Amino acid sequence: MSALPPLVDPAPELTLAERRRYARHLLLADIGDEGQRRLKNARVLVIGAGGLGSPTLLYLAAAGVGTIGVVDDDVVDESNLQRQVIHGTEDLGRFKVESAADAVTRVNPLVTVVAHRTRISPENALELVGQYDLVLDGADNFATRYLVGDACEIAGTPCVWGSILRFDGQVSVFWTGRGPVYRDIFPEPPDPRLVPSCAEAGVMGVLCASIGAAMGAEAIKLITGRGRTLVGRLLIHDSLAATWREIAIRPDPSRTRVTDLHARARDYSALCGLPDTKENAMPPITEVPPRELADRLSARESGGEPDLLVVDVREKAEHDIVAIDGAELVPLGDLLGGVTHLPREKDIVLFCKGGVRSEQAAHALLDAGYERVSHVPGGIMAWVRDVDPQAPTY
Ligand SMILES: Nc1ncnc2c1ncn2[C@@H]1O[C@H](COP(=O)(O)OP(=O)(O)OP(=O)(O)O)[C@@H](O)[C@H]1O
């Protein structure tokens, strides 16, 4: 097997407590005392304490990776617990980085965990990545994947990348100078209509363990310089068929290297949810707060507001959990794909779960020549909070 040189120098020595704890690693010829000391000296940044971040963080901690950074700005939601096993029911509503940091310390108090309670963005990505030897990308959106891939390319840092959707997963290692990077394999951001998120399409929870464990193994091999890594290979897992296959991947020599994250800010923000820079900002969409929408829907009931058309751009499965009476369901993909044509004379108010998809739908309608288009900031989650607090959330 052709191994890469170890990423990290060994720490001077292991303590007695460490020797006891890592005894089963010390027995392995390919880890042993030296490999364990390299793990002790390693600094690894995990992007996202969600589905993939959960198992990778727990296993990296258990394995004795000396410094583990975790970056996330989200809080634990009930719908996360089906797969984000680093969080428990008692952690609902807590910041994920805080809940994850507590879990890491419970698993292994000998490692240091650094909680970065923020969203990785073009402004902070290089500074964050620059503090670590290795990055594990467990984010759930393309904007972040491109951003993390670009930041790692600029910093020369290897990135263990994983992705999951429904019953399928993929994993690889991107490392400039050694093999391809994310943009070599996925040169252009995909059409947002073709890339549903797990929140829209669903994901089998246990898949996080399969892909997260593969990511953790790559991290250990990179740090210790043992085994054959996934540099130059993309592993594709179909859990329904119980197959793992691999394809060879290589750098694209014609690709222009990314050297400036800010120049790419539009790419990231256009994809999903990262803030636009001032020069790239799209015109703001008129906002209809939930209470105002409730008033307008009541007015429509009694004959006022005859032109009001409220459109829910979420998926049917989400609509089945919680809905707004009197709204019409037109999933974003159908709306953008032209499957459904909304009447131009209506006063259209769009909403989704949190306000991202409805804003995207609003821009598409305005681009298509519609004039009376607005959306509900914060989506149905804000509606539940402000208008219908008894309704279920997800
Ligand atoms: N730019 C980013 N910076 C920091 N954390 C991020 C960024 N993008 C995504 N994440 C985090 O990555 C994690 C991904 O987790 P996961 O794929 O399980 O989805 P989720 O957002 O928790 O759940 P759902 O999509 O079902 O609402 C989330 O906790 C999310 O907050």
Side-chain angles (χ1 to χ4, degrees), residues 45-58 69-87 91-101 103 114-129 132 135-152 159 161-166 168-171 182 195-212 215 261 264-265 267-269 271-276 314-315 317-318 321-322 352-357 379-381 393-394:
L45 178 65
V46 177
I47 316 285
L52 290 174
S54 289
T56 50
L57 285 161
L58 291 172
V70 51
V71 51
D72 203 310
D73 64 340
D74 198 9
V75 292
V76 180
D77 179 84
E78 208 171 351
S79 65
N80 298 152
L81 300 179
Q82 156 260 18
R83 65 190 182 288
Q84 302 185 15
V85 295
I86 202 164
H87 314 294
D91 297 314
L92 286 175
R94 293 184 72 198
F95 281 105
K96 287 183 178 179
V97 284
E98 286 166 11
S99 157
V114 186
H116 302 279
R117 202 182 84 193
T118 183
R119 214 171 161 75
I120 190 163
S121 68
E123 283 70 39
N124 63 15
L126 287 178
E127 199 204 323
L128 275 170
V129 167
Y132 294 89
V135 171
L136 268 68
D137 182 6
D140 59 346
N141 60 80
F142 282 90
T144 304
R145 288 181 192 139
Y146 279 97
L147 171 64
V148 171
D150 290 347
C152 286
C159 178
W161 168 84
S163 120
I164 47 172
L165 189 70
R166 299 192 179 101
D168 302 322
Q170 300 182 1
V171 53
Y182 187 70
V195 286
S197 67
C198 291
E200 290 157 353
V203 60
M204 181 172 73
V206 71
L207 196 58
C208 301
S210 323
I211 299 298
M215 293 171 73
L261 295 182
R264 291 284 186 161
D267 274 11
Y268 311 132
S269 57
L271 277 161
C272 34
L274 289 182
D276 271 315
R314 296 173 302 153
E315 300 298 309
E318 298 177 272
I321 298 172
V322 54
C352 62
K353 181 181 179 187
V356 174
R357 281 174 280 171
I380 198 155
M381 292 298 107
T393 57
Y394 62 100

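Values in this document were obtained by computation on a predicted structure and should not be read as measured data. We count ligands from 1, going down the list as the structure has it; atoms in each ligand are counted the same way.
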- Within the structure, does S79 bring an N/O atom to less than 3.5 angstrom of an N/O atom in ligand 1? no
- E78, CD: over 12 other non-hydrogen atoms inside 6.0 angstrom: no
- Task: Would you check if D91 and I86 make a side-chain contact, meaning some heavy-atom pair closer than 4.5 Å?
- Result: no
- Message: Check for me whether I47 has a heavy atom closer than 4.0 Å to any atom of ligand 1.
- Response: no
- Just wondering, do V76 and L81 contact through their side chains at under 4.5 Å, heavy atoms? yes
- Note on the structure: Numbered in order shown, the ligand 1 atoms found under 4.0 Å of a heavy atom of D74 are 31 (O)
- Have a look at H87, Q84, H116 and point out the one with the heavy atom closest to atom 16 (P) of ligand 1. Q84
- Message: Which option wins on minimum heavy-atom distance to atom 13 (C) of ligand 1: V203, D72, V70, V71?
- Response: D72
- Query: Hey, is the main chain of R119 close enough, under 3.5 Å, to the side chain of N124 for a donor-acceptor pair?
  - Reply: yes
- Message: Using a 4.0 Å cutoff against the non-hydrogen atoms of N141, which atoms of ligand 1 qualify?
- Response: 8 (N), 9 (C)
- Under 4.0 Å to a heavy atom of G51 - the qualifying atoms of ligand 1, by number: 15 (O), 16 (P), 18 (O)
- Query: Below 4.0 Å from any atom of ligand 1, is there a heavy atom belonging to A143?
  - Reply: no
- Touching ligand 1 at all, T118? Heavy atoms, strictly under 4.0 Å? yes
- Query: Based purely on interatomic distance, does I120 place a nitrogen or oxygen under 3.5 Å from a nitrogen or oxygen of ligand 1?
  - Reply: yes
- Item | Plane angle bin for Y182 and W161 - parallel if under 30°, tilted between 30 and 60°, otherwise perpendicular | tilted
- Query: Is it true that a side-chain atom of H87 and a backbone atom of R94 form a donor plus acceptor pair closer than 3.5 Å?
  - Reply: no
- Message: If the condition is side chain to side chain contact (heavy atoms under 4.5 Å, CB included), which residues does L126 pass it with, not counting sequence neighbours?
- Response: A151, I154, L261
- Note on the structure: Closest to atom 24 (P) of ligand 1 by heavy-atom distance, out of K96, R117, K353, R83, is R83
- Message: Test your reading of the model: is there a side-chain donor-acceptor pair from E98 to the backbone of F95, 3.5 Å cut-off?
- Response: no
